[in-house]
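Predicted model, so just to flag it, every value in this text is computed and none were measured.
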Amino acid sequence: MYPSLPTTRLALLTLLSATATFYFLYKSRHRRRRLLTRLCQSVTRPGSRCGNHASYKRGKLLFLSQTDTSKNLAQRLHALLTRNDLPFDLVDPKDYEPEDLCKESLVLVVASTWENGGPPENGVFLVNWLTESADDFRVGALVLKECKYAVFGVGSRSYGETYNAVAMGVSVKLRKLGASELVELGEGDVDEADMDEVFDRWSKKVVGVLKGELGENGSHFENYGVECESEGEGEGEGEFSEEDDDEVAENGGESAIVDLEDIAGKGPSRRSAVATKANGKVNGEVLNGEKEMVTPVLRANLEKQGYKIIGSHSGVKLCRWTKSQLRGRGGCYKHSFYGIESHRCMEATPSLACANKCVFCWRHHTNPVGKSWKWKMDDPLVIVDTAIDLHTKMIRQMKGVPGVKAERLSEGLSPRHCALSLVGEPIMYPEINSLIDELHRRRISTFLVTNAQFPERIQMLKPVTQLYVSVDAATKDSLKAIDRPLFGDFWERFIVSSFHIHSNFTIMNVVVEVLPNYFQDSLKSLREKQQRTVYRLTLVKGWNTEDVDAYSSLFDVGNPDFIEIKGVTYCGSSATSKLTMENVPWHADVKEFSEALAQKSNGMYEVACEHVHSCCVLLAKVDKFKLNGQWYTWIDYDKFHNLVSAGEPFTSKDYMAPTPSWAVYGAEEGGFDPQQSRFRKERHHHKSSREAGPL
């Protein structure tokens with residue numbers, strides 16, 4: 001039976017339709033290749049827009065910078081553009097009208113990411129304008145269609161999801177508004193030593209594209225599979241023969257022009273491209289945890305500040321109070337409060353890395369940061385041996401310095417105390433317990449300071465002579481503003497760490513309810529831990545001096561033995577800090593704050609000691625350290641080491657010693673040891689509203 005006429009027509013129509021579709025797809029590929037060929041030839045000809053960069057309209061180079069890092073990079077790029085005859089204006093976005101972007105043809109942006117993944121202050125208005133415009137349908141997606149752009153981001157990978165968030169956001173918003181990307185987003189990590197190299201490579205790509213030496217996004221033109229003939233070579237220049245494609249197909253070759261459908265899911269993302277191995281490294285890091293924490297650049301910066309670097313992640317430095325007591329000119333506040341011999345104290349750290357970027361950082365953020373240990377690890381015995389060796393060498397160098405006493409110099413060569421508080425977070429070091437054991441074996445006492453971001457490390461810590469927790473603020477918002485922590489759950493970590501420093505605490509339901517379960521489980525094992533514990537408060541006027549009630553509530557959480565309250569030390573101007581001398585409290589301010597805290601404790605704490613020179617006051621627990629009207633804040637160090645050697649459980653009461661009268665709060669000496677010679681420098685500062693400045 002023959003098929004019906006309608007069925008035959010339908011089959012014929014389907015065949016013709018398929019043939020036409022195939023033909024048009026086939027021809028469209030040739031048109032695309034012909035277009036790319038002509039584009040390539042137009043670029044390489046003299047006078048073309050890409051080939052002749054002088055034809056570009058003067059571009060804009062914007063920098064979004066908080067600490068001048070992005071500004072400095074932008075200045076370097078501007079100099080490079082100028083040397084290559086590429087006219088650009090270096091512009092601070094706070095002085096730029098964002099609506100003028102519609103008039104621009106070339107825009108380069110170097111953008112830092114600041115607090116909470118937001119833009120620096122000078123870029124807030126620009127970023128907000130881009131965000132609002134990109135989300136406003138009335139603006140349209142072609143408002144920046146005449147503009148080409150490139151963005152480089154400056155950030156810290158330690159902040160996780162917010163790493164270079166501003167630069168990514170700016171790039172996305174510009175693209176949504178119709179702008180075309182010249183070079184793909186560049187990303188620099190301020191915590192890596194190769195950021196300058198990454199930026200320089202990106203800058204050279206930008207220059208290469210603008211001069212016509214590279215295609216957009218930094219690709220060489222031959223990567224597009226189009227061979228560009230030089231001008232005047234042969235006939236039919238700019239034409240494409242369909243037979244050429246047939247020949248390729250017959251020879252079994254593949255066209256370099258690939259449809260998007262053909263490469264879907266095969267191309268690497270920007271994030272995966274960053275993790276590509278290069279010279280046996282991933283992201284510039286040596287595999288298998290062998291990366292060294294201290295890069296050559298960081299080493300140079302720290303050594304310039306007087307550090308002696310130990311191995312790949314530790315350091316030691318001679319404290320100014322060590323030098324002072326070697327000359328018989330008085331010791332630090334720890335001498336007044338706890339009987340430390342400052343000339344026999346070694347200031348060191350087994351980890352130069354930290355999990356915070358505090359506004360009052362002594363080292364202006366020259367040390368690395370991280371949330372976990374990801375570096376090569378040195379042996380604790382080597383660290384201790386090298387630290388003592390370097391420390392004693394620095395002590396010997398004091399020989400011959402005017403005022404240095406021979407007896408003190410001889411004693412200083414045998415350190416008895418180690419302040420593990422130099423910089424960074426010592427408790428991050430995985431072998432911290434072994435290091436503490438080695439120090440105690442040599443009868444060197446240990447004062448360890450932590451920023452309360454690693455509660456699990458505090459939990460497993462062996463007893464030290466005295467354990468400090470830095471309490472830089474009393475509320476979640478103020479702690480975030482002052483410490484600028486890397487962890488998103490920084491407040492929960494802080495609260496749990498406060499629990500961990502003391503065994504006899506009362507679990508407050510209101511606090512425990514907000515803690516993760518794995519933190520709650522760890523509280524039980526800390527109840528038998530007995531060691532001297534200290535809250536260390538650093539007062540920064542205008543930042544954290546108004547939260548007396550909030551600080552008082554934290555005492556119930558950690559129940560520390562002591563509370564040290566110290567005025568912030570001004571360390572000079574820094575691009576990483578907004579602090580000035582206006583933020584430094586007077587000793588009278590510190591005393592007033594301390595007395596208010598003691599009063600809030602309802603008799604649990606009293607003001608016990610002060611060291612006027614350091615602008616520091618000590619609160620101590622009355623029921624433990626005040627016996628028959630006498631304070632016992634000092635430490636019997638020999639007894640402490642005997643207790644450690646015995647290996648039996650002991651408490652802080654077992655090695656306390658009486659506090660001398662000159663160190664007690666309100667004493668005429670103000671915490672200055674009368675056996676030392678008071679040395680006063682002549683100062684010629686301008687008089688302020690008070691007769692004397694902060695001590």
(request) Scan residues 314-333 for pairs that pass ring-ring contact (aromatic ring centres under 6.0 Å, His included), counting only residues two or more places apart or in two chains. (result) W321-H611, W321-H613, Y333-F337
(message) Strictly by ring-ring contact (aromatic ring centres under 6.0 Å, His included), give each pair with a member in residues 377-421 just once, sequence neighbours left out.
(response) H417-Y637
Please enumerate all residues that pass side-chain contact (heavy atoms from CB on, under 4.5 Å) together with [X], with sequence neighbours excluded.
X	result
D654	L643, F650, T651
P674	W662
S677	none
P649	none

(request) May I have all residue pairs that pass salt bridge (charged side-chain N to carboxylate O under 4.0 Å, His left out) and include part of residues 403-417, sequence neighbours excluded? (result) E341-R416, R416-D638
(message) Filter on salt bridge (charged side-chain N to carboxylate O under 4.0 Å, His left out), then keep only pairs touching residues 321-339, sequence neighbours left out; what's left?
(response) none
(message) Cation-pi check for Y655 against K639: NZ or CZ below 6.0 Å from the six-membered ring centre and within 45 degrees of the axis, yes or no?
(response) no
(message) Applying salt bridge (charged side-chain N to carboxylate O under 4.0 Å, His left out), can you list everything that pairs with D673, at least two apart in sequence or on another chain?
(response) none
Residues forming a ring-ring contact (aromatic ring centres under 6.0 Å, His included) with [X], sequence neighbours excluded:
X	result
Y338	F447, F562
F593	Y551
H641	none

(request) Report yes or no: does E610 contribute a side-chain atom to a donor-acceptor pair with the main-chain N or O of G666 at less than 3.5 Å? (result) yes
